[in-house]
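Working notes for the structure below.
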Amino acid sequence: MKAILLTIGDELLAGTTVNTNAAWLGAELTARGVAVVRIEAVGDDPEAICRALRRARAEAEVVIVCGGLGPTHDDRTREALADCLGRPLQLRPELLAQIEAHFKRRGRVMPERNRVQALVPEGFEPIPNPVGTAPGLWLEDEAGIVAVLPGVPHELQTLMREVVLPRLMQRPGRPAILHRTLITTGIGESDLQQRLAGVESLLDEHTRLAYLPGPYGVRLRLTVEAPTAEAARERLAALESFILERIGERFVGFDEETLEVVVGRLLRELGATVAVAESCTGGHLADCITGVSGASTYFRGGVVAYDNAVKVEVLGVDSEVLAREGAVSEIVAIQMAQGVRERLGAQVALSTTGIAGPTGGTPDKPVGTVWIGLADAHSAFARCYYLPDERRRFKQRATAAALDLLRLHLLQQKVTKTASEYG
């Protein structure tokens, strides 16, 4: 099944709005075996929309149009479709009632202009929008499928997940398609490829492996197509086994099992709590940990000790050591971790202290240097990392390194200690 995406809006062409809808739609369709052969951004010009729609329908079975369904004068998609396809707009009373109810639930009266959102081109099926006022539209005829969706991202995603994708997946003649994502960390794309030398023997047009690098690690996306679900599972299992055997401790988890999710699970299994002392990461480490539902059961809290005085006065870092060794040093990272652990009463603690840049580096401690400390009741140590990057990505990479250090430490404790012994 081939699909073409048409994203509508002058703001996309002017660069004032990033086309995140296109990226999300492409990923969701590709993950389900729908080949996205083109993504086209079109301005709010009815003639341009019509030309793009005709080209797309001639080239693909599925055309997904998003944007331009709002109530303002520059929302022209609805009218463009009606004129282009010769399907006059018709007022749908049931849609109008839904839009009016949407405003009423929010204690407002529907503006008259919103009536336009109850207009549907003849022959199109409206797709009710439970999270907004603009309904989607669905047309299925001899030329294929046209799905028209609002451009507001959370509305588009809701209608895609609840209606459009399930309908596409029910199309007859589709092969069995399975996906699996392996989460890795602490290893770059090139090193991963070296470890996976020989994997090409398992790959073909129906068995694919994609490397998806990011600041927290590289995700390996596995996609398998086969005539039957059983055959697809066998192929996927063979590919997955090959990869896991070679990436070893760099493997974090499957699919949505991110670093912070896995660390949280290990803390719960050990009955342990964690606290953090952050300098260079500026709270990003705590933000990641608390981004997991249920983190309150194991996260005690954190201190952002950006100023050296806070390191001394709040965390108990030795001022003489700080003056002699500098804030970005092994001993300071250790003392920060020990201090926050003692003060917040956690079983284990992490610390980060580094040079985010672009200024502040020295020949001995260049920009990108970061010390990460870890302390528990049995030991305290620190590791030095060199992660040169722009500031935001540096924070993300340092956070990933800290979580990975904790992950590996907890895995070791899980093997050697029971939960009560570790706590």
Side-chain angles (χ1 to χ4, degrees), residues 3-26 28-29 36 38-57 59-60 62-92 95-96 98-99 102-103 110-140 143-165:
I4 290 176
L5 311 181
L6 303 180
T7 56
I8 312 299
D10 290 342
E11 68 278 6
L12 302 176
L13 301 179
T16 55
T17 297
V18 178
N19 199 349
T20 56
N21 283 340
W24 186 87
L25 286 167
E28 292 296 311
L29 290 166
V36 179
R38 190 170 75 250
I39 299 175
E40 186 174 349
V42 185
D44 295 304
D45 175 0
E47 293 184 3
I49 294 172
C50 183
R51 289 194 298 269
L53 178 64
R54 286 174 175 167
R55 285 196 303 270
R57 299 210 78 191
E59 298 172 17
V62 178
V63 179
I64 296 179
V65 184
C66 65
L69 294 181
T72 60
H73 71 279
D74 58 339
D75 291 308
R76 312 292 298 277
T77 300
R78 190 182 297 101
E79 292 80 1
L81 291 174
D83 292 342
C84 184
L85 299 177
R87 295 174 176 271
L89 292 171
Q90 300 174 336
L91 182 68
R92 301 291 289 267
L95 290 181
L96 184 60
Q98 291 169 10
I99 297 168
H102 177 89
F103 281 96
M110 184 193 80
E112 184 64 22
R113 179 60 188 172
N114 283 85
R115 287 178 61 88
V116 72
Q117 294 181 300
L119 296 174
V120 175
E122 183 182 35
F124 276 78
E125 174 192 349
I127 304 174
N129 184 346
V131 292
T133 59
L137 302 169
W138 177 276
L139 174 68
E140 189 166 353
I145 294 169
V146 179
V148 189
L149 304 170
V152 180
H154 76 277
E155 296 182 27
L156 175 143
Q157 292 173 19
T158 298
L159 270 59
M160 276 293 291
R161 289 193 176 112
E162 293 185 359
V163 179
V164 176
L165 288 173

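Atom set for the values below is all heavy atoms of this structure, side chains included, hydrogens, waters and symmetry mates excluded. Treat the numbers as computed from the prediction; the structure is a model and nothing was measured. In this chain, residues are counted from 1 in sequence order.
Contact annotation: the side chain of Glu140 never approaches that of Glu125 to less than 4.5 Å [non-hydrogen atoms, C-beta and beyond]. Inter-residue side-chain proximity for Leu137 and Leu139 is flagged as unmet; no heavy-atom pair is nearer than 4.5 Å. When side chains are defined from C-beta on, Glu122 does not count as touching Leu89, because their heavy atoms never get closer than 4.5 Å. Counting heavy atoms from C-beta on, the side chains of Val120 and Arg78 never come closer than 4.5 Å. By the 4.5 Å heavy-atom criterion applied to side chains, Cys50 and Asp83 are not counted as neighbours. Leu69 has its side chain out of reach of Ile8: every pair of non-hydrogen atoms, C-beta onward, lies at least 4.5 Å apart. Taking the side chain as every heavy atom from C-beta outward, Val164 and Ile145 never approach each other to under 4.5 Å. Using a 4.5 Å heavy-atom threshold, the side chains of Ile64 and Leu6 count as separate.
Around atom NE2 of His154, more than 12 heavy atoms belonging to other residues, nucleotides or ligands sit under 6.0 Å away. Heavy-atom contacts from other residues, nucleotides or ligands closer than 6.0 Å to CD of Gln90 number more than 12.
Of the N and O atoms on the side chains of Thr7 and Asn21, not one donor lies less than 3.5 Å from an acceptor on the other residue. In summary, the side chains of Thr133 and Gln117 do present a donor paired with an acceptor at a separation below 3.5 Å, with no hydrogens or angles considered.
In plain terms, the two heavy atoms of Glu40 and Ala52 that are nearest each other are OE2-CB, 3.8 Å. Pairing each heavy atom of Thr20 with each of Pro153, the nearest pair is OG1-CG, 4.4 Å. Considering all non-hydrogen atoms of both residues, Gly43 and Leu13 come closest at N-CD1, 3.5 Å. When all heavy atoms are compared, the tightest approach of Leu95 to Pro135 is CD1-CG, 4.0 Å. When every heavy atom of Leu156 is checked against every heavy atom of Cys66, the shortest pair comes out as CD1-CB, 3.4 Å.
With hydrogens and angles ignored, the 3.5 Å screen pairs no side-chain donor or acceptor of Asp44 with any backbone N or O of Asp75.
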> Do Val63 and Leu53 pass the side-chain contact (heavy atoms from CB on, under 4.5 Å) test, and can you show the C-alpha distance, the side-chain angles, and the key distance before you say yes or no?
Replying inline: CA-CA 8 Å; Val63 179; Leu53 178 64; 4.1 Å; yes
